[in-house]
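The structure appears right after this line, and notes come after that.
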2 protein chains.
Amino acid sequence: MEYFEELKSTKIFNSATEFECQAMMFCFKTRFKTFDKNQSIIKQGDKMEDIILILKGSGNVENVDSLGNISIVMQLKKGDVYGVESAYAGDEYYKDSVIATDKSLVLFMNKHRLINPCENRCKRHDLVIKNLMRLVAESNIKLLDKLNHISKKTTREKLLSYLSSVSEKSKSNYFEIPFNITELANYLSVDRSAMSFELSKMKKEGLIDYDKRQFHLFSNKLK
Amino acid sequence: MEYFEELKSTKIFNSATEFECQAMMFCFKTRFKTFDKNQSIIKQGDKMEDIILILKGSGNVENVDSLGNISIVMQLKKGDVYGVESAYAGDEYYKDSVIATDKSLVLFMNKHRLINPCENRCKRHDLVIKNLMRLVAESNIKLLDKLNHISKKTTREKLLSYLSSVSEKSKSNYFEIPFNITELANYLSVDRSAMSFELSKMKKEGLIDYDKRQFHLFSNKLK
DNA sequence: ATATTTTTGTTGTAAAAACAACACTTTTTA
DNA sequence: TAAAAAGTGTTGTTTTTACAACAAAAATAT
C-alpha cells in the first residue's frame, strides 16, 4: 500500500495494520496530494469537505480578516491535523487557509466519514477517534500557549513570553524559532517594523541575541 | 443515585444509564462539591489530580501572570469540562484558576482514570471518551474565537469583533454579554479604563448602545 | 550569475494604549 | 438598612504602537 510507512508514523494511524489502514482509506474517502513550498493546501472560505493530515513537510494555518491583516494562527507539523474542531462544530466553510511551508505530502479525509460512527464497522475507527482526541488536545495546548503570549500588553512582553516558551521546550537558552521575523510578527499580532525595532533594542540591552532564526536568551538578565 | 439527573443532562454522560454512571463514578474516583459565587474551584499552581465537570452554575478560567495581570481565558458553563488538554499533555500543576461565577456544583474526576483505557472494562468508558472529544473540540473553537478577537490591533476592533460574535450567536442585534465591563477587559486583554473610554466613544458615535450587560449593535453603521 | 522579489532594520510621525488618580454608582455584606 | 467593597466612567500624562517610507540585505527565480 502506498504511503503506509508515512501513515504508520503518525499518532492517528500509528496502531493500525496495513490492511486496517487500507480499509480506513476507503472508508474515509481519502486522497493523497503533494504541495510545493508556499502553495495553498486549504483556502479560507472554500467549502469544507475534508480534514487534513500532514504526512510530510509542514504548514501554517493563516487567517486574513476583513481589513486584510494576516494572522498566523498556528503551525502544523508532520502528523498534525487541521479541521477537526470545525468538523465537530458543523462549519460549512474553512475559516483559515493552510499554506505549505515546505514541500509537503497531505492526506485529505472526508470529515463526515471520519468523525461519525462507522456504518461499515471498520475495525479501527474507534481507535482512530481516540488518537484524534490526543491531537485535538495538543492543538488546544498550542492555542492556549499562543493566547498566553498575545495576552501580554507590550510587544516586549509578548516576545519574551514567546521566546521563553520556545527556549523551555528546547531545554536550552540557544534555540531556533520556526518563524522568520515577518511570520513571527503575524503570529504575535504586532506590527512587523515595531517588533523588529523592539528586537534590536533588546539585543542592544543585552537581553537577547539573535541571527536569522537562531536566538540566545540571556535568562539571567530577565530579573 | 445522587445527581444522576445532572450527569444525564451533560454531553459527556448523556448516553449512560444510572447503573453505568454509578460504575463510572467509582471508576473515575469522583467527588461532588458545591461552590459559592467567587469561590475558587481550582487554584492555579495546585497539583493537578482531577479533571472537572460543571454540573450546575458556571465559572471563569483565569490566569495570573508573573506581573500580576489577570486574564480570563474562557468561561465554563454547565456541561463544560476543564483540564482535559492538560491531562493529555501530562501537566503536573494547574495552569489556571477556575472561579465560580455562580453558586455551582462541580464533579471532580481523577485525570488518569478518565483518560486512560479502563482496566475494569467499565462498559461506557469508550463512549465517554468519544463524548469528551466533542467537548475538547468545542473548547478549541472557543479559543480560536477568542484568538480572533484579541489578534485585532485596536481596542475598538477587539470590541467590535467580540460584540459581533456574541450578536451573531444570539441571532440579534440586542444581546447580553456574559461579562461585566471589568471582566470583558480581562478577557480581551486590554486596560479596563481605556476600554471603558472606548465604549463610551462608540456609544457617542452611535455605533453601539449599552447598559450594564445589555448591548445593542447598530450593525448598519459598521460599513 | 544576474535580475527580481522578498525580507529586514531603521526612522519619524501620528495614533492609540496603558497607567494612575479620582468621584460616583452599584452591589455585597454584616 | 447602613457600611463596606467592588465596579464604572472620566481625565490627563506617559509610554507604546501602528503606519508609512525607504535603503540594504537576503532569498528566489531566470
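Quick note on labels: first sequence line is chain A, next is B, and so on, each numbered from 1.
The CG atom of Asn69(B) sits 7 Å away from the P atom of dC19(C) (whole-angstrom rounding). One atom, CD of Glu157(B), and another, P of dA15(C), lie 16 Å apart when rounded to the nearest Å. Atom CD in Glu183(A) sits about 14 Å away from atom P in dT6(C), given to the nearest Å. For the pair Leu199(B) CG and dT8(D) P, the interatomic distance rounds to 11 Å; values are reported in whole Å. To the nearest angstrom, P of dC19(C) lies 15 Å from CE of Met195(B). In this structure, Phe197(A) places its CZ atom 18 Å from P of dA20(D), rounding to the nearest Å. Going from atom CG of Asp211(B) over to atom P of dT8(D) covers 11 Å, rounded to whole Å. Atom C1' of nucleotide dT17(D) and atom NZ of Lys153(B) are separated by 10 Å, given to the nearest angstrom.
Seen from the ring of Tyr94(B), Lys47(B) does not count as a face-on cation partner, given the 6.0 Å and 45° thresholds.
A ring pair (Phe, Tyr, Trp, His ring centres under 6.0 Å) with Phe215(B) holds for exactly one of Tyr210(B), Phe179(B), Tyr174(B); it is Tyr210(B).
Among the atoms of the strands shown, base atoms are found under 4.0 Å from some heavy atom of Ser196(B). Across all strands shown, Asn180(B) has heavy atoms under 4.0 Å from sugar-phosphate atoms exclusively, and none from any base. At the heavy-atom level, Tyr210(B) lies under 4.0 Å from the strands shown only through sugar-phosphate atoms.
Across dA18(C), dT27(C), dG9(C), the shortest atom-to-atom separation from the side chain of Ile181(A) is found for dG9(C).
The phosphate of dA17(C) has OP1 or OP2 within less than 4.0 Å of a side-chain N or O from Thr155(B). For Lys37(A), a side-chain nitrogen or oxygen approaches OP1 or OP2 of dT28(D) to under 4.0 Å.
Side-chain atoms of Thr154(A) stay outside donor-acceptor range of the base of dA18(C), with no qualifying N/O pair under 3.5 Å. Between the base of dA20(D) and the side chain of Ser193(A) there is a donor-acceptor pair shorter than 3.5 Å.
When the nearest nucleotides of DNA chain C are assigned to Arg156(B) and Asn38(B) by heavy-atom distance, the more 5′-ward of the two goes with Arg156(B).
Judged by distance alone, the side chains of Ser104(A) and Asp102(A) never bring a donor and an acceptor atom under 3.5 Å apart.
The pair Glu49(A)-Lys111(A) does not count as a salt bridge, with every side-chain nitrogen at least 4.0 angstrom from each carboxylate oxygen.
A distance below 6.0 Å separates the ring centres of Tyr187(A) and Tyr162(A).
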